[in-house]
Structures are given as C-alpha cells and as structure tokens.
Amino acid sequence: MKNKNRLRIHILLLLVIMLPILFKFYSPILMSWGIRNGIITASTLVFAAWFILSLFLGRSASCGYTCPYGALQEIIGLQILKKKPKSEKADIIRYLVFIGFLIMVSYSILKAGGVKGVDLFASNGNFQLIILVAIFIIAIGLLSVLLGSRAFCRYLCPQGVFLTIGAKLGRKIKIPSLHLKSDQDNCSDCKLCDKFCPVGLNISNMVITNNMDNSNCILCGECIEKCPKKVINYSFRTND
Ligand code: SF4
Ligand code: SF4
C-alpha cells in the first residue's frame with residue numbers, strides 16, 4: 001500500500017506539471033462557458049465520465065487521482081506547506097455554492113435552448129477564456145496557501161457535491177462500490193491518520209465511532225498508508 005500511495009503522489013505531481021495541457025481537457029470554467037453557450041466541451045465529457053465513475057468509485061477516480069486542480073491544491077497545501085483545511089463545518093458554504101451553481105446551470109441550459117454544437121477545446125485561440133482559467137488556477141493555489149490543502153475542494157467546489165451525490169446514489173441503489181473499512185479494535189488512537197488526510201477529516205474519530213463513510217472523503221488512501229496498525233483499508237462492496 002505504501003508504494004501505491006507514493007505512486008499517487010507522483011501522479012498528483014504529474015497532473016500539476018501537465019496542467020497547462022490538461023486544462024484544455026478539463027476546466028470548470030470551460031465547462032461553464034460551454035453550458036452557457038449550448039456547446040459541449042471536453043470538460044463536460046470528462047465531468048460526465050467522472051460522474052458515472054463516482055457511482056462505483058466515489059470521489060476516488062476524480063478528486064483523489066485525476067483532478068489536476070485538486071492535485072495542485074494538495075501538493076501546495078499538504079506536501080509543501082503541511083497545512084490541512086481547518087474546519088469540518090465548511091459544508092454549508094459548499095452546499096450554498098452548489099445551489100447557486102445549480103441555478104446558474106439550469107438557467108443557462110434554458111437560455112441556450114439546447115445543444116448547439118461541439119467545441120471540445122473551447123479555449124483554442126480564445127484568450128479571454130485562457131485568462132479566466134489562469135485566474136482560477138492562481139486563486140485556488142492561493143486558497144491552499146492561506147487555508148490549507150484542497151481548500152477550494154473543501155469549502156467551495158460545487159462539482160465535488162455533484163460527485164458526492166453520484167457516490168451516494170451508487171450506494172443507495174446498491175451498486176458495489178469503493179468504501180473505507182476499519183478495524184477499530186486495533187486502533188491505538190495515535191491520530192497519525194488525521195495528520196495526513198488532505199481534506200482534514202477527523203479519521204481517528206471515524207474509526208472509533210465505526211463510521212467510515214464521510215461525504216468529504218476522496219478515497220485517496222493516505223490514511224490507509226499512514227496507519228501504523230493497518231486499521232484502515234479499502235473495501236469494494238454494496239452498502240449494508
Ligand atoms: S493512524 Fe491508525 S492507529 Fe492511529 S488513530 Fe488512525 S486508525 Fe488509529
Ligand atoms: S479519510 Fe482517508 S481516504 Fe478519505 S480523504 Fe482522508 S486520507 Fe483520503
């Protein structure tokens with residue numbers, strides 16, 4: 001498991017290095033622009049694929065392993081500054097942002113009057129959009145400096161809420177899906193797992209209360225790697 005998670009950090013680093021190319025394939029700004037103009041962009045298709053995967057893999061395949069923006073925030077916040085997001089009470093802000101985003105998307109779809117075309121790489125030659133994407137990247141980087149690892153994911157990202165809904169839906173309709181499981185009897189309450197969670201969850205408490213399902217968990221496996229007692233592990237199963 002240790003090697004597996006070292007591999008994950010390398011994947012995150014690669015995502016950050018490739019961000020100047022990857023933003024063409026996935027950017028919330030380009031997706032929003034597409035929705036507003038009735039255009040299907042590569043970002044919309046990537047997001048649709050992530051949503052389908054969330055039914056089986058929760059937020060692991062998207063937020064945990066392939067989102068370059070999440071990677072940037074985690075590398076800056078946790079790997080470089082050793083800073084976690086502080087509050088677990090941030091959900092209210094994220095859900096309010098999500099409701100605002102939902103209203104904006106619904107209004108935009110109605111106003112656009114359906115799909116007018118496909119422009120996968122909408123940023124090609126569109127300097128206004130490229131500047132907006134650049135501002136977004138700088139802003140989420142700064143948020144991680146100020147508020148800790150994955151601050152944007154934790155406090156603001158409306159797409160994380162969509163993916164959480166996908167994960168919950170998968171569990172509700174009893175599709176076999178990825179979970180965390182724990183063996184609380186072996187836990188020494190050393191709290192090492194808490195220290196390394198990139199989204200700042202109180203994992204030791206999750207273990208003690210035997211409640212390993214948390215909508216903010218991105219199933220990254222850092223707690224699995226760091227636990228010296230091998231208390232936490234993945235499990236692929238249907239919901240009980
Ligand atoms: S790292 Fe392992 S032993 Fe320590 S508190 Fe977390 S689950 Fe318990
Ligand atoms: S609880 Fe574990 S798997 Fe979930 S986000 Fe935190 S470290 Fe990653």
Side-chain angles (χ1 to χ4, degrees), residues 1-13 15 50 53-54 56-91 94 144 147-157 159-168 170-171 177-237 239:
M1 186 54 66
K2 191 161 189 145
N3 290 339
K4 197 173 168 191
N5 263 59
R6 281 301 95 202
L7 175 68
R8 178 175 169 274
I9 298 302
H10 290 135
I11 291 171
L12 298 189
L13 268 174
L15 290 170
W50 277 353
L53 283 171
S54 72
F56 306 92
L57 299 172
R59 292 172 62 189
S60 170
S62 48
C63 314
Y65 282 83
T66 59
C67 177
Y69 308 99
L72 175 72
Q73 298 172 67
E74 191 174 326
I75 294 291
I76 294 177
L78 204 61
Q79 299 295 323
I80 299 176
L81 300 176
K82 313 284 178 220
K83 209 168 165 184
K84 291 190 314 175
K86 279 201 177 67
S87 170
E88 286 211 34
K89 295 191 175 79
D91 287 351
R94 206 159 58 104
S144 285
L147 300 175
S149 164
R150 289 187 178 258
F152 179 79
C153 314
R154 192 70 185 81
Y155 303 130
L156 295 171
C157 182
Q159 292 174 42
V161 180
F162 273 112
L163 297 167
T164 300
I165 291 170
K168 282 187 188 291
R171 289 171 185 198
S177 62
L178 196 64
H179 294 247
L180 288 183
K181 66 174 182 183
S182 67
D183 176 6
Q184 65 191 112
D185 293 341
N186 282 333
C187 176
S188 60
D189 205 22
C190 67
K191 302 197 187 301
L192 256 184
C193 46
D194 299 342
K195 207 170 146 194
F196 291 98
C197 177
V199 289
L201 299 184
N202 187 346
I203 307 166
S204 53
N205 188 53
M206 288 160 61
V207 169
I208 285 165
T209 55
N210 199 19
N211 180 13
M212 296 305 288
D213 285 337
N214 186 305
S215 57
N216 289 303
C217 175
I218 57 170
L219 291 165
C220 65
E222 290 297 325
C223 53
I224 299 173
E225 182 211 338
K226 297 299 182 321
C227 175
K229 300 274 187 181
K230 307 260 176 279
V231 168
I232 309 168
N233 219 323
Y234 283 127
S235 128
F236 196 76
R237 58 179 164 83
N239 226 11

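Worth knowing before you read on, the calculation uses all heavy atoms, side chains too, and leaves out hydrogens, waters and symmetry mates. Both counts, for ligands and for their atoms, begin at 1 and track the order of listing.
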Report summary line: Taking only non-hydrogen atoms of L219 and a 4.0 Å limit, the atoms of ligand 2 in range are 3 (S), 4 (Fe)
Query - Under 3.5 Å donor-acceptor, Q184 side chain and I208 backbone - result: yes
Query raised in the report: Hey, is there an N, O or S on C217 sitting under 2.8 Å from atom 4 (Fe) of ligand 2?
Result: yes
**Report entry** ligand 1 versus P228: contacting region, heavy-atom distance under 4.0 Å
**Finding:** side chain
Query raised in the report: What do you reckon, is NZ of K229 surrounded by more than 12 foreign heavy atoms closer than 6.0 Å?
Result: no
Report task. For atom 8 (Fe) of ligand 1, grab the closest protein heavy atom and report residue, atom and distance to one decimal in Å. Result -> C187 SG, 2.4 Å
Report summary line: ligand 2 to P198, heavy atom cutoff 4.0 Å, flagged ligand atoms 7 (S)
Query raised in the report: Would one find an N, O or S atom of C193, in either backbone or side chain, under 2.8 Å from atom 6 (Fe) of ligand 1?
Result: yes
Requested in this report: Mark the output for I203 as yes if a heavy-atom distance to ligand 1 is under 4.0 Å, and as no if none is.
Outcome: no
Query - Which atom of R59 lies closest to which atom of S215, heavy atoms considered - result: NH1-O, 3.2 Å
Report summary line: Taking every heavy atom of G166 against every heavy atom of S54, the minimum-distance pair comes out as CA-OG, 3.3 Å
Report task. Check each atom of ligand 2 against the heavy atoms of G221 and keep those under 4.0 Å away; list them by number with element. Result -> 3 (S), 8 (Fe)
Query raised in the report: G64 near ligand 2, heavy-atom distance under 4.0 Å?
Result: no
**Report entry** For S62 against L163, the heavy-atom pair lying closest together
**Finding:** OG-CD1, 3.4 Å
Requested in this report: State whether the number of non-hydrogen atoms from other residues, nucleotides or ligands found under 6.0 Å of K83 atom NZ is greater than 12.
Outcome: yes
Query - Where L78 and C197 come nearest, the two heavy atoms and their spacing - result: CD2-C, 4.3 Å
Query raised in the report: Quick check: does C190 have an N/O/S atom under 2.8 Å of atom 4 (Fe) of ligand 1?
Result: yes
Report summary line: When distances are taken from atom 2 (Fe) of ligand 1, the protein heavy atom at minimum range is C227 SG, 2.3 Å
Requested in this report: Measure the distance from atom 3 (S) of ligand 1 to every protein heavy atom, then report the residue, atom name and distance (to 0.1 Å) of the closest one.
Outcome: S188 N, 3.5 Å
Report task. Can you pull out the closest protein heavy atom to atom 5 (S) of ligand 1? Residue, atom name and distance to 0.1 Å, please. Result -> K191 N, 3.1 Å
Query raised in the report: At a 4.0 Å threshold, what atoms of ligand 2 neighbour a non-hydrogen atom of V199?
Result: 5 (S)
**Report entry** Check against side chain to side chain contact (heavy atoms under 4.5 Å, CB included), F236 and L57
**Finding:** CA-CA 9 Å; F236 196 76; L57 299 172; 4.3 Å; yes
Report summary line: Looking only at protein heavy atoms, what sits closest to atom 6 (Fe) of ligand 2 is C197 SG, 2.4 Å
**Report entry** Residue pair G58 / A167: nearest heavy atoms and the distance that separates them
**Finding:** CA-CB, 3.7 Å
Requested in this report: May I ask you to list the atoms of ligand 1 that are less than 4.0 angstrom from any heavy atom of D189?
Outcome: 5 (S), 8 (Fe)
**Report entry** Contact summary for G64 and R8, nearest pair of heavy atoms
**Finding:** O-NE, 2.9 Å
